[in-house]
Amino acid sequence: MPLNRKYIPIVVTILLFIVMFTAGSFRYTGFFSLQVLMNLLVDNAFLLITAVGMSFVILSGGIDLSVGSVIALSTMVSASLVQQQGWPPAVVIPLVLLMGAVFGTAMGAIIHYFSIQPFIVTLAGMFLARGLCYVISIDTITIDNTFYTAMAQTRIPLPGGSFLSISAVIAILVVAVAIFTAHYTRFGRNVYALGGSEQSALLMGLPVARTKVLVYTLSGLCSALAGVVFTFYMLSGYGLHAVGFELDTIAAVVIGGTLLTGGVGYVLGTFFGVLIQGVIQTIISFEGTLSSWWTKIVIGLLLFIFILLQRVLSSRRLTLKE
Amino acid sequence: MSSIMKHHLFWPLCVLAALLLFNLCYSPDFFSITVHDGHLYGSLIDILNFGAPLILVAIGMTLVVATKGIDLSVGSIVAISGAIACLSISRGADQNSLGLILTSVLLAAGLSLMLGAWNGLLVSGAGIQPIIATLILMVAGRGIAQLITGGQIITVTSTKYAYIGSGSLAALPFSIFVVALVLVIALLLTRRTALGLFIESVGCNPAASKMSGIRAHLVILSVYVFCGLCAGIAGLLLSSNVSSADGNNAGLWYELDAILAVVIGGTSLNGGRFYLTGTVIGALIIQTLTTTIYMIGVPPEITLVVKACVVLAVCLIQSDTFRAAIAARWKSRHYPAEKEMSRHAS
């Protein structure tokens with residue numbers, strides 16, 4: 001059966017993940033275990049959640065540079081409200097999520113209604129969110145609230161002696177909901193249509209304005225949720241949390257096979273894109289002699305390869321059409 | 001009067017003047033310049049000196065933005081260029097030998113030219129969106145810079161190298177002359193030759209300019225090479241000013257500041273017309289803002305909030321839709337009031 005061309009990038013991503021994981025398993029003792037696999041999820045839960053939101057933005061043909069700052073702002077707001085004001089977490093977490101969603105909505109509205117490039121609006125959002133962190137406090141705020149520490153330390157046992165954290169479970173749920181939303185709801189189809197061609201979507205009578213604003217709302221919400229999960233992970237709020245995180249997120253989405261011009265890609269691909277980044281980090285930590293900056297170089301290289309691959313595939317599709 | 005107001009430098013200059021005026025009110029000796037050991041000292045000189053790397057990067061960025069592109073990798077190139085120069089000097093036997101300094105500087109400049117060419121080839125040759133093509137180097141570049149420095153901060157003791165960033169020529173900081181030289185070259189090339197027109201036409205419509213015989217690929221490639229070189233020189237200025245290279249933090253956020261400077265200077269991110277002098281004023285505004293915030297004692301990180309508001313406001317003003325919406329609101333707001341008045345009058 002010939003493979004449908006639109007599945008090539010995602011198949012390449014999944015194969016790459018399998019090859020990297022197998023290579024790691026042969027090279028290092030103790031690499032091939034369920035726990036190493038689960039740790040990929042545990043350590044990258046917040047990246048996964050953010051990348052899911054970013055996938056929708058990129059599928060719609062936009063970009064969101066503010067994700068890292070929104071994560072930092074979420075950790076900061078959570079920490080200051082819980083720790084300094086003594087608010088219960090049951091109030092703080094919904095409030096933080098709402099804040100992220102409103103932040104995203106505002107950016108989406110500016111992007112759509114004033115037709116300014118998403119790049120520059122989310123760049124301003126990035127500055128604003130980072131700056132607001134420092135308005136709250138310049139120093140780290142450590143959290144010792146029992147709820148947060150419980151969330152950080154709870155281990156959900158799995159068969160085979162491995163475990164997952166609550167954050168990882170949240171991330172998997174987010175991925176499942178996102179796959180459903182992207183492929184089986186009207187909103188998902190609108191996003192794909194918008195990314196394919198905004199003009200055509202408009203002429204087809206699709207709610208372009210609503211979809212566009214909702215996409216950024218979703219991304220803001222995902223970033224805020226990632227911020228909450230990040231707070232569980234770090235147990236602190238700090239304005240310098242998740243610096244440069246937007247690049248990791250975009251890289252994960254691109255490595256996952258989503259076309260940056262919008263309209264083509266899968267949320268599942270993003271999932272594997274995140275796992276590939278996790279495997280690179282794990283291999284580098286198992287290797288021991290390699291320094292952490294190799295991660296950046298390898299991710300940059302992968303980014304290059306995947307963009308070139310997309311370029312080749314899409315240009316072949318164009319020539320076939322002609 | 002209205003012709004003055006319509007001039008593209010009017011608003012940027014107003015903002016700069018307002019900022020300087022605020023500083024003057026806040027601390028009356030802001031404008032005082034003292035002569036010490038034959039060098040000039042003062043806040044204004046500091047703004048020019050510390051703003052020099054940003055102005056350089058922003059000049060290169062202006063040309064890239066004019067072709068409807070963007071270069072996110074300038075921060076990384078700043079770090080790489082500083083790192084390679086410092087590494088080469090620190091390996092030398094005599095750190096003060098002129099030959100060594102020259103080779104190191106040329107090495108750094110050559111490397112940044114190559115990095116710029118890499119960006120340019122990806123954009124013009126492979127046809128990748130500029131923001132994505134330069135994202136690759138932005139991510140990998142920090143890694144490369146840390147690879148060069150070995151994750152450490154390399155310090156050099158060469159006084160000749162330190163001269164580039166912190167020395168003085170004719171009582172003024174040497175870096176100002178470097179910036180002026182680059183600016184003059186850029187202005188001559190773009191305004192006295194047809195190159196500027198080519199760049200603007202490629203930015204407006206690459207296909208149409210190709211039809212009319214402009215080698216759009218070559219124009220785009222050269223613009224990215226120039227931007228890389230500017231970033232490389234800025235990296236040299238930065239690293240020699242502190243006589244050390246930090247792969248992790250050198251040039252951090254530079255791409256954003258440079259884009260901000262370009263936008264404030266009146267160049268639209270949609271490509272086409274560009275204003276190099278506007279960019280220089282934009283960069284000076286950013287540097288003055290930073291200095292002001294340091295001076296009034298607010299935590300410097302709050303600069304980010306101010307920058308966010310500035311960039312948003314400038315973009316909104318540039319947006320046609322926003323201006324139309326405001327104009328409509330303005331009319332509809334006055335209309336009922338007038339009606340009300342006329343009703344009461346009658």
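Chain identifiers are assigned alphabetically (A, B, ...) following the order of the sequence lines, protein sequences preceding nucleic acid strands; residue numbering begins at 1 within each chain.
- Heavy-atom pairs under 4.5 Å with chain A were tallied for Ile128(B), Leu137(B), Leu260(B); the largest tally goes to Ile128(B).
- Between Leu256(B) and Met126(A), the closest side-chain pair of non-hydrogen atoms falls below 4.5 Å.
- Summarising the geometry, atom CD1 belonging to Ile136(B) is positioned 9.0 Å from atom CG belonging to Leu301(A); distances are rounded to the nearest 0.5 Å.
- When heavy atoms are compared at a cutoff of 4.5 Å, Leu123(A) approaches chain B solely by way of its side chain, counted from C-beta outward.
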For this session: Begin with the C-alpha distance, continue with both residues' side-chain angles, and end with the deciding distance and a verdict on side-chain contact (heavy atoms from CB on, under 4.5 Å) for Phe304(A) and Ile132(B).
Result: CA-CA 9 Å; Phe304(A) 172 62; Ile132(B) 303 311; over 6 Å; no

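- Side chains of Leu72(B) and Leu247(A) form no contact here, defined as non-hydrogen atoms less than 4.5 Å apart.
- Note on Leu312(B), Ile144(B), Leu147(B), Val305(B): by heavy-atom pairs under 4.5 Å with chain A, the leading option is Leu147(B).
- Using a 4.5 Å cut-off between heavy atoms, Phe119(A) contacts chain B through its side chain alone, with no backbone atom that close.
- Atom CD of residue Gln146(B) and atom CD1 of residue Ile297(A) lie 8.5 Å apart, to the nearest 0.5 angstrom.
- Heavy-atom distances place the side chain of Ile250(A), and not its backbone, under 4.5 Å from chain B.
- Of all heavy-atom pairs between Gly300(A) and Ala140(B), the closest is CA-CB, 4.0 Å.
- With rounding to the nearest 0.5 Å, the separation of CG in Leu135(B) from CD in Glu246(A) is 10.0 Å.
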